[in-house]
Each structure stands twice: as structure tokens, then as C-alpha cells.
Amino acid sequence: MSAVQIPKSPKVILGASIIGFFTLMMIVGPYLAPYDPSATNFAPNLTPSASHWLGTTSLGQDIMSQLLTGARATMVVALVAGLVATFLAIAVGVAAGYLGGRADDGLSLLSNVFLAIPGLPLLIVIDSYLPSGERSNAFVIGLIISLTGWAWGARVLRAQTMSLRNRDFVEASRIIGESRTRIMVAEIAPNLLPVLASSLLFTILYSIGAYVTLAYVGLTSTSVWNWGTMLYWAQANNAPLSNEWYWFVPPGICIALVGTGLALVNFGIDEFINPRLREGGLSARQRRRIGMPRRPRLGFTPVRRLPETITRLSTMEPR
Amino acid sequence: MRMLLRRLSLYVVTAWVAITANFILPRLMPGNPVETLIGQLQGRVSPQQVRAIQLAFGMGLKQNIVQQYFGYLGQLMHGHLGVSITLSAPVSSILRSAVPWTVGLIGVSTILSFLVGTIAGTMLGWTRGSRFDSLIPLTTFFQAVPYFFLGTVMLLIFGSNLHWFPVLGAYSSNLNPGWSWAFVFSLIRYGELPVLTIVLSSVAGWMLGMRNMMITMVAEDFVLMAVAKGLPRRKVIMHAARNAVLPSVANLSLAIGLVVSGALLVELVFNYPGVGNLLLQAVLNEDYPLIQGIFLVITMTVLAANLLADVMYFVLDPRTRTEAAV
């Protein structure tokens, strides 16, 4: 189930490039920052110019430097939270789906409870009890976010595991006497990968939103630069009302772009899981070239075949 | 009926978890939060405030933890949510004036967003592969923008620059709240921009879900049958849509939690006098009894909304009435 099999629609390519760009920014951003993001030694409220690409804050800080430095904390927290939450989702979801019975009831109840409690208020409550020293710790914040964000993935994984559990190929390996662990790891897990990837992207998306929101509300340390803190300071200094768009628009756009990138790749995964969605990404000319009808016809949704995936897909298709 | 009962019991358990978390969290706080908090108020504390702070952290009580817990539950049963530290008023009476604003704002936006998204998704699914598909990445962008950021940009462009909408607050400050036409009109005018923000941010999810379900549905035999019978196109679409909408309705209860989370911050941006604004004030002032009370009220309201969504699903899908599904 390599990346090659994900449909190469323009959406996916665009999404992957966006994510690649911001990953690069996460790694090298702090080194590229022209100035110290916290240094207040410039004239305040400068509009964008050659020396300050995005101008300066009302405290005289370079906004471009803040944006570049802030990329790291934002992405690191999102990654930590996304990975931990996905791990929890696998542990709870796959176990619930595969074991069934009492274990399933208990684990499903657990994830449903976490789904029903509104995430952000819970996050704010937990965070407000944190000692202020911990609020600057990206890993602690990431862990707390993952605690409120794993349940959705667990639910999706449970459903997929349950539907896989009774497929013939799993039944076959059970009959030839393979152990439970082996069936879970070698038979079921590979077929969960697309769903897993999709839930990971979704969780990272959620985590970015949650982290930025916490920072915007002032519940993370305001001296650690991330895109949310930038928005917090912009709001605190009334940048939106005094038309200092260059202060609060760039971090917002960056957040939105990362989110869009993740969502676009997710479309690709959706199209991989459900071939019927696949034609949507094609232009009229591409459709004509591969011999699809110009207009969608009823009762028959053309499915674009990807030469290498036909055999693999046959195990994925719902029956 | 069994399905509804199962959901109801889930919500009861969830409510219990939320209440218990609310009880335990303050007691887990390291150090002596009471002294820290009193220290921060720099001597400007009344004895009642000290008492309120102590109660919030379960200190200064001559009870063991179990007695405290049942005492806490008993207080909640009677609607006592403690006393706010900064406002020196019962949390329940503070909330009583804020909750209707939030319920109104989020209720209206969620219903609008669901309707618009579902209708747009139906059309996109029906005309799949057409030019309109290029709308999808655009709406995704709006979905990825944090609610509060979109709100800020909308406020800046349409509020303070173009002056298309009145902003900041829930109604014109020269009017007295009441059932007069002028007041209701002002309420609607001031609500437009916040509602628009929430709808723009949340509509993509409904639209995309509906589109994908529609694409799956129109490939089903019963749709082909409907066309073969010679039903008018509008009826065929309705036929497919009614079945395609079910997952959306089932997801409604999940989505409410997400929308509420986002919308709370929209209140902050537009200075709307609801629970979200109150919560952020409470966080800034470290007013723990108020934070706890708000968390409980939000959770209970979301659970009630979830139950409502489940009932809707129950009504829409006759199958759930016989099977013990979901």
C-alpha cells in the first residue's frame, strides 16, 4: 500500500506540495528568520517593506521573523498531538472492532463519551488548571490536545475493523490457525492503512486548530512563538480594528493553508477508498481521454482504473 | 426505541464523566492554588471571595473526599454552581443571562449551515464531475480557517471598512431588550455577520459528506428504477437525497460539539454577550467556579442537542425503529 497508489489528481498534488512547504518551514523556519522574533528594537507599526517583509508589530517586533519562528511550535504540537491521538485511536478502535462483545461495549462507550463532550471547552478547562510553567511546554499541550482528539479516529477504525473481521481472507487465516495477534497485524492492519492515514490527517488538522485556539485565548505561554500567539498579540493590540492586516492575516492564512493541504490529501485517500468518488477530480479533457462519458449517467458511476491497483483494490471494495 | 434508549444512557454516562472531571480536576492542581489566587488578587479580597475560592478547590472543608463528592452532586441537583470569584454573584444567575444568546446564535447557524450544505451537496453530487466540483477546494479552505480568524477578517472587511453590517454586541446599544420590532430587527442585523462566519466555516463538512453520499446513492438500483419509471428529475433527486442524508443526520450529533467549540470564539471576536465570551473572561481572570459552571452548562446543552439530533434520525430513518442499530 505504497504512496504510489494514491490517485494522482491535481488536488492531491497541490495538497502534498502545501504540506511539504510547511514541513520545510517547520524545519528551517527558525534559522531563516531575519531577526529575533521577540526583539523590540524596531520602529512600531511599520507597513511591509524590503527590510521588514511583513512590517512590524506595535511593540516593534519583526512579523516575518515571528511567522517563520512560529511555524515550528505550531507544527510540532500538531504532529505530537496527531501521532499520540492516532496511537490511542488504534489501540482503542482496532481492539474494540476486533475483540467485539464486552470489550467492544466498554471501549465504544469510552470513545463515545469523549466524542460527546465538546472538545474545546474541555481543553480550556484542563489547560486553565495547568501551572503556568507547563503551559509553555509544547509536549504537555500536545498530550492534552491528543486526549480530546482521539475518539473520532477510534470510531472510524472500529467500524473498518469490524467490516474487515468477517471478510473471507480473514476467515481463511483464522481457519488455518493463525494467531490473533498475527491476524490483527498481518491481515487486518494493512487494510486499515488508508483509513488510518485519513484519521491521522484529520487529527493533525484538529490539533492545529486546537493549539492555535488555546494560544489565541492566551492559555499557552505568550512568550513561545506560534501562529496562535501572533494572533493573540494582534488581537490584544487591536490590530484588526486599526487595519494592520499584515499583522494578523499572515498567520491566519498559514493555518488555513496547512489545513487545506491536509484536507486535499485526505480527498485523495477518500478517492482511493471509494473508487466511485474518483472521477470527480478529472477535467473534461482527461475524462474524454480515458473514455468516460461526458455527462454522468445514472445507475452507473464510471470508475477510473489505476493499472497497478486493480488487484489490490479488489480486497478493498465493499461487498 | 432501543436505539434512543442506548443513546440516552450514553449521554447520562457522559454527563456523569463531565461532572466528575469537574470535581476532580481542581483537586489535582499542584501546590496551594487558593493562596496563589488570593495572592494574585493583592489583598482586594472579601471573606466571601476567599470562601468561594476555597470551595472551588475543595479546601477548608471538614469532610473527606467522598462526602465532598456527594455534597457536590447534591449542590448540582439544586442548580447551585458555586459563586464567581470576580463577579461575586452565583454562577447560575450569571449563566442564565448568557446562555440564551449562545443557544440562539449557534442554533440558528447550525440549522442554516446544515440546510445550505445539504442542499448544495445534493446538487454537487447530482452534477458530479461538472465545473462546480472546483468549489470543493475553496470550501475546504474556509473550513480550515479557524472560526475566530475568519470572524476577524469578516469583521474587518464587512464591518469596519464597508459598514455593511453593524458589529460588536448583539443589538444596538440605544435599544432596550424586549419584544419590540425595532429590537428584533436590530437583533437580526447584529447577528448576521457572526452567523455568516459560523455558516461559512462549517458548511463545507455538510456539503462534502452529502456530495459523497449522493454519488454513492445515484449508483444504486432504486435510483435507476425511479428514472426508469419516468419520475420527474426533481423527484428522483429527492428520492436519492432522502437516503443520502442519513449519515449526515447521524453525524449531526457529533458535529454539534465541533461547531460549539468554534462558535464560542466567534462570540469573542464579535463581542457577543454569550457563554463563549464569558468563558474567556473567566479564563483570563482565573475565575475557576465560573469556568467549571460554564463547562458543565456547555456540555449539558451539547448533550441535549445531541439527543435532539438522535430523535431526528429516528424519525427520518424507519429502519432504526425496528433494528437496534448504531
Side-chain angles (χ1 to χ4, degrees), chain A residues 11 14 109 112-113 115-129 131 152 205 209-210 212-213 216-219 231 235 240-241 243 245 248-249 251-253 255-264 267 270 274 276-277 279-282 284 287 292 295-296 298-301, chain B residues 10-11 13-14 17-18 21-22 25-26 28-31 127-129 133 136-137 140-141 143-146 148-149 152-153 155-156 160-161 212 215-216 218-221 223-224 227 236 253-254 257-258 260-262 264-265 268 279-280 283-284 286 288 291-292 294-295 298-299 302-303 306:
Chain A
K11 271 186 277 185
L14 180 65
L109 181 67
N112 281 335
V113 164
L115 270 175
I117 297 181
L120 185 73
L122 179 64
L123 209 55
I124 290 182
V125 168
I126 298 179
D127 206 274
S128 67
Y129 286 116
W152 171 255
L205 188 65
V212 168
T213 306
Y216 174 71
V217 177
L219 271 175
L231 290 169
Q235 177 77 25
L241 288 178
N243 261 335
W245 57 270
F248 74 93
V249 169
I253 296 286
I255 298 163
L257 279 177
V258 176
T260 312
L262 291 167
L264 287 176
F267 283 150
D270 273 351
N274 184 354
R276 278 179 180 150
L277 301 178
E279 51 142 0
L282 297 179
R287 270 208 301 281
M292 274 187 181
R295 284 165 173 278
L298 270 178
F300 172 75
T301 311
Chain B
L10 166 68
Y11 299 141
V13 173
T14 310
V17 169
N22 230 352
L25 276 173
L28 287 180
M29 214 174 162
T127 61
R128 63 208 179 283
D133 271 8
I136 294 166
T140 314
F141 181 79
Q143 200 181 20
V145 179
F148 62 86
F149 178 71
T152 312
V153 174
L155 177 73
L156 180 70
S160 37
N161 281 343
N212 289 355
I215 291 180
T216 316
V218 290
E220 296 283 339
D221 291 341
V223 178
L224 191 61
V227 178
V236 178
S253 56
L254 289 179
L258 282 178
V260 167
S261 298
L264 290 175
L265 291 170
L268 175 73
L279 175 61
L280 301 176
V283 166
L284 282 185
E286 305 203 308
Y288 290 101
I291 298 179
Q292 289 187 350
I294 294 173
F295 171 64
I298 294 175
T299 308
V302 167
L303 292 183
N306 281 358

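What you see is a predicted model, and the numbers here were worked out from it, not measured in a lab. Protein chains get the first letters and strands the later ones, always in sequence-line order, with residue 1 at the start of each.
- Comparing A/P118, A/G261, A/A210 by heavy-atom pairs within less than 4.5 Å of chain B, the highest count is held by A/P118.
- Ranked by non-hydrogen atom pairs under 4.5 Å with chain B, the options A/L264, A/L257, A/I253, A/V249 are led by A/V249.
- When each of A/L123, A/D127, A/T213 is checked for heavy-atom pairs under 4.5 Å with chain B, A/T213 comes out on top.
- For A/I124, the part sitting under 4.5 Å from any heavy atom of chain B is the side chain, from C-beta outward, and nothing else.
- B/I294 does not touch chain A: none of its heavy atoms, backbone or side chain, sits under 4.5 Å away.
- No side-chain heavy atom of B/F148 sits under 4.5 Å from any side-chain heavy atom of B/L268.
- For A/L231, the part lying near chain B is the side chain, with the backbone staying farther off; criterion is any non-hydrogen pair under 4.5 Å.
- Taking all atoms of both residues into account, the shortest heavy-atom contact from B/N22 to B/Q292 is ND2-O, 3.1 Å.
- In this structure, the side chains of A/L109 and B/L10 come closer than 4.5 Å at one or more pairs of heavy atoms.
- When each of A/V217, A/L14, A/V258 is scored by its heavy-atom pairs under 4.5 Å with chain B, the top score falls to A/V217.
- Annotation: side chain of A/I126 is not in contact with side chain of B/F295 (no heavy-atom distance under 4.5 Å).
- Ring geometry for B/F149 against A/F248 counts as perpendicular: the plane angle is over 60°, on a 0 to 90° scale with 30° as the lower cut.
- To the nearest 0.5 angstrom, A/Y216 atom OH is 11.0 Å from A/I255 atom CD1.
- Listed options B/L265, B/L303, B/N306, B/V260 were ranked by heavy-atom pairs under 4.5 angstrom with chain A; first place goes to B/L265.
- With B/Y288 contributing its side chain and A/Y129 its backbone, the two residues share no donor-acceptor pair below 3.5 Å.
- For A/L262, no part sits under 4.5 Å from any heavy atom of chain B, backbone or side chain.
- When each of B/L25, B/V153, B/L264 is scored by its heavy-atom pairs under 4.5 Å with chain A, the top score falls to B/L25.
- Interface residue B/V302: only side-chain heavy atoms are found under 4.5 Å from chain A.
- When each of B/S261, B/A21, B/A18 is checked for heavy-atom pairs under 4.5 Å with chain A, B/S261 comes out on top.
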